[in-house]
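Predicted, not measured: the structure shown is a model, and the values here were computed from it. Computed from heavy atoms alone, side chains included, the values below leave out hydrogens, waters and symmetry copies.
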Amino acid sequence: MKALILIGGLGTRLRPLTRTTPKPLLPIANRPFLEYQLNLIKRHGIKEVIFCVSYLSHVFEDYFGSGKKWGLKIEYVHEKKPLGTGGAIKNAQGLINEPVLIFNGDILTDINLTAMKTFHKQNKSLVTIALSRVKDPTIYGLVETDKKGKIEKFVEKPSWDEVTVNTINSGVYLFEPEVLDFIPKGLNFSVERGLFPDMLTKKYPLFGYIFKGYWLDIGSVEKYLQANYDLMLRNVDFPIKGKMINDNLWAEKHLKYGKYMELKGRLVCGNNNRIGEYTQIQGNVCLGNNVVLGKGVYISDSIILDDTIVKEGVRIEKSIIGKNCLIEANSVINEGSVLGDKTVITKYSKL
């Protein structure tokens, strides 16, 4: 069995971070997001992966190459124009001659893929859609099933008076190879709005596998922060990069911190970080590689990416700071701020 990952999107909801880094390569707790999907795939015995790429495609190829470093074989299929989920899958048909697991490229999950494969085979399904339960299904696509898991109805972004279940399409699918024959070639086509409803109308075997594991769409700034928090809180079953120094501090190599650093929460550090005296860290904070925090800095629930310098007396709350930024002394960066790479914030600024 192969896996296919859809990573051709622009990541517009995560701008300015995605202007230079494609969304699937943004770090979650200092590990590129896509590595978590590869970790999951490999965990369940799949060793061949297809990347459907478009935006900044060379960045993926430069980073992952053939996949050998990850113990995988990675192949690339390029979109010359946007093809949607269905069109991108169709574009890879020449590489698919067996059942294939398909992932949207912005889904963080620890779903049991082995159990999903077993469910798919037992039901002799052509397509199995992984379903997750959520508190607010009105922002997603609802999927209704019978007691055996056979899909009966799709409801796209329902109003509350239309909500009958809380099971949503989680963006993880298992396709039999012949399903790709149902998708038109070279067109922008959606499996969610086109293929699946059409298969249901024609009464093809279409099943929903409801799972209880972790699931999050990381596509927005709020969800991207949440993914980092959840890794640090151990709410999702993936290891954190670096050595666990104590219950609330993980660090890679060469961490240096000054006297009276106060840590009330959890801190993940990359390589070569320097943290000044009297620094206060609260909530869930992640520092990339080569980050410098000056004396008396206060940070809560924030992400600071590689090679950024934060001068003395700066206050940062619930924000994301890009790579190679300079935050000059005594600045205040308030909740909800997102700074793109190479941003300079001058002294005493308030955002």
Side-chain angles (χ1 to χ4, degrees), residues 11 14-36 38-39 56 59-60 62-64 108 218 221-233 236 238-245 248-258 261 263 265-276 279-294 297-312 314-328 331 333 337-345 351:
L14 279 169
R15 287 176 180 165
L17 300 174
T18 50
R19 289 186 67 247
T20 54
T21 303
K23 177 171 58 177
L25 287 182
L26 289 175
I28 306 290
N30 284 341
R31 193 188 301 274
F33 166 73
L34 199 50
E35 288 194 20
Y36 292 102
L38 295 181
N39 179 303
L56 297 176
V59 180
F60 295 102
D62 291 346
Y63 188 83
F64 289 106
L108 181 63
I218 69 156
V221 169
E222 295 76 16
K223 297 296 186 182
Y224 175 69
L225 280 168
Q226 188 63 51
N228 280 274
Y229 301 161
D230 286 343
L231 257 293
M232 290 183 239
L233 291 166
V236 55
F238 290 109
I240 290 181
K241 196 174 182 181
K243 182 179 179 181
M244 189 174 184
I245 296 175
N248 61 351
L249 174 59
W250 294 262
E252 297 181 64
K253 297 178 181 178
H254 310 304
L255 170 64
K256 295 181 179 179
Y257 52 89
M261 182 185 81
L263 175 55
R266 293 166 181 81
L267 174 62
V268 174
C269 292
N271 290 304
N272 305 311
N273 285 340
R274 287 186 287 148
I275 301 175
T279 295
Q280 298 180 64
I281 294 174
Q282 293 194 346
N284 299 292
V285 173
C286 182
L287 308 179
N289 299 311
N290 308 309
V291 172
V292 178
L293 304 183
V297 167
Y298 173 90
I299 303 178
S300 68
D301 291 316
S302 296
I303 311 300
I304 300 179
L305 301 183
D306 296 354
D307 302 304
T308 283
I309 297 173
V310 180
K311 295 288 190 174
E312 65 272 11
V314 169
R315 185 178 185 92
I316 301 173
E317 298 186 48
K318 291 188 178 179
S319 295
I320 306 171
I321 313 299
K323 299 176 184 176
N324 292 288
C325 293
L326 173 60
I327 316 300
E328 293 188 348
S331 299
I333 299 176
S337 298
V338 183
L339 305 188
D341 296 350
K342 300 182 180 180
T343 297
V344 175
I345 303 297
L351 301 185

Does Thr279 use its side chain to pair, donor to acceptor, with the backbone of Gly276 at less than 3.5 Å?
yes

Would you name the heavy atoms of Ser302 and Ser319 that are closest together and state the gap between them?
OG-N, 3.0 Å

What closest approach, in Å, do Ala251 and Ile245 show between heavy atoms, and which atom pair accounts for it?
CB-CD1, 3.7 Å

With a 4.5 Å heavy-atom cut-off, do Phe33 and Leu25 have their side chains touching?
no

Side-chain heavy atoms of Leu14 within contact of Val338, under 4.5 Å:
no

Does the Thr308 side chain pair with the main chain of Gly322, one donor and one acceptor, at a distance under 3.5 Å?
yes

In Å, rounded to the nearest 0.5 Å, how long is the span from CG of Asn284 to CG of Leu231?
10.5 Å

Please identify which of these residues, Leu326, Ile327, Ile345, Val292, meets the side chain to side chain contact (heavy atoms under 4.5 Å, CB included) condition with Lys311.
Leu326

Are Ile275 and Leu267 packed together at the side-chain level, in the sense that at least one heavy-atom pair is separated by less than 4.5 angstrom?
yes

Under 3.5 Å, is there a donor-acceptor pair between the side chain of Ser331 and the main chain of Glu328?
yes

Output for pair (Trp250 CH2, Leu287 CG), nearest 0.5 Å, gives 13.0 Å

Output for pair (Leu56 CG, Thr20 OG1), nearest 0.5 Å, gives 8.0 Å

Is a side-chain N or O of Thr18 found less than 3.5 angstrom from the main chain of Lys23, in a donor-acceptor match?
no

Run the side-chain contact (heavy atoms from CB on, under 4.5 Å) test on Lys253 and Asn271 for me, step by step, so that the C-alpha distance in whole Å, both residues' side-chain angles and the decisive distance to 0.1 Å come before the verdict.
CA-CA 5 Å; Lys253 297 178 181 178; Asn271 290 304; 3.4 Å; yes

Check the pair Leu225 / Ile320 against side-chain contact (heavy atoms from CB on, under 4.5 Å), numbers first and verdict last.
CA-CA 8 Å; Leu225 280 168; Ile320 306 171; 3.7 Å; yes

Would a 4.5 Å heavy-atom cut-off, applied to side chains only, mark Lys323 and Lys342 as touching?
no

Which pair of heavy atoms, one from Lys318 and one from Tyr229, lies closest together, and at what distance?
CG-OH, 4.3 Å

Min side-chain heavy-atom separation Leu233-Arg266 under 4.5 Å
yes

Measuring from Gln226:CD to Ile28:CD1, what's the distance to the nearest 0.5 Å?
11.0 Å

Between Asn39 and Glu35: side-chain donor-acceptor atoms closer than 3.5 Å
no

Check whether any side-chain heavy atom of Thr21 lies under 4.5 Å from a side-chain heavy atom of Val59, and answer yes or no.
no

Search all heavy atoms of Glu252 against all heavy atoms of Gly242 and return the closest pair with its distance.
CG-CA, 3.7 Å

Strictly distance-based, threshold 3.5 Å: is any side-chain N or O of Asp301 a donor or acceptor partner for the main-chain N or O of Gly283?
no

Go through the steps to decide whether Asp306 and Asn290 satisfy the test side chain to side chain donor-acceptor pair (under 3.5 Å), and finish with yes or no.
CA-CA 6 Å; Asp306 296 354; Asn290 308 309; over 6 Å; no

Check whether any side-chain N or O of Tyr36 sits under 3.5 Å from a backbone N or O of Phe238 as a donor-acceptor pair, and report yes or no.
no

Which pair of heavy atoms, one from Gly288 and one from Asn273, lies closest together, and at what distance?
O-OD1, 3.0 Å

Verdict with reasoning, Val268 to Met232, per side-chain contact (heavy atoms from CB on, under 4.5 Å):
CA-CA 8 Å; Val268 174; Met232 290 183 239; 3.7 Å; yes

Locate the shortest heavy-atom distance separating Val297 from Glu312; write the atom from each residue and the value.
CG2-CA, 4.4 Å

Roughly how far, to the nearest 0.5 Å, is the CZ atom of Arg274 from the CG atom of Leu293?
10.0 Å

Counting C-beta onward and ignoring hydrogens, is there a side-chain heavy-atom pair between Leu34 and Phe60 closer than 4.5 Å?
yes

Value for CG (Leu249) from CG (Leu255), rounded to nearest 0.5 Å, stands at 6.5 Å

With no hydrogens and no angle check, just 3.5 Å: does a side-chain donor-acceptor pair link Gln282 and Tyr298?
yes

Side-chain heavy atoms of Leu339 within contact of Leu351, under 4.5 Å:
yes

Donor-acceptor pair, Asn289 side chain versus Gly270 backbone, under 3.5 Å?
no

So, Tyr224 side chain and Pro27 main chain: donor-acceptor pair closer than 3.5 Å or not?
yes

Hey, is OH on Tyr257 packed in by over 12 heavy atoms from elsewhere, all under 6.0 Å?
no

Only one of Ile240, Ile304, Ile303 clears side chain to side chain contact (heavy atoms under 4.5 Å, CB included) with Cys286; which?
Ile303

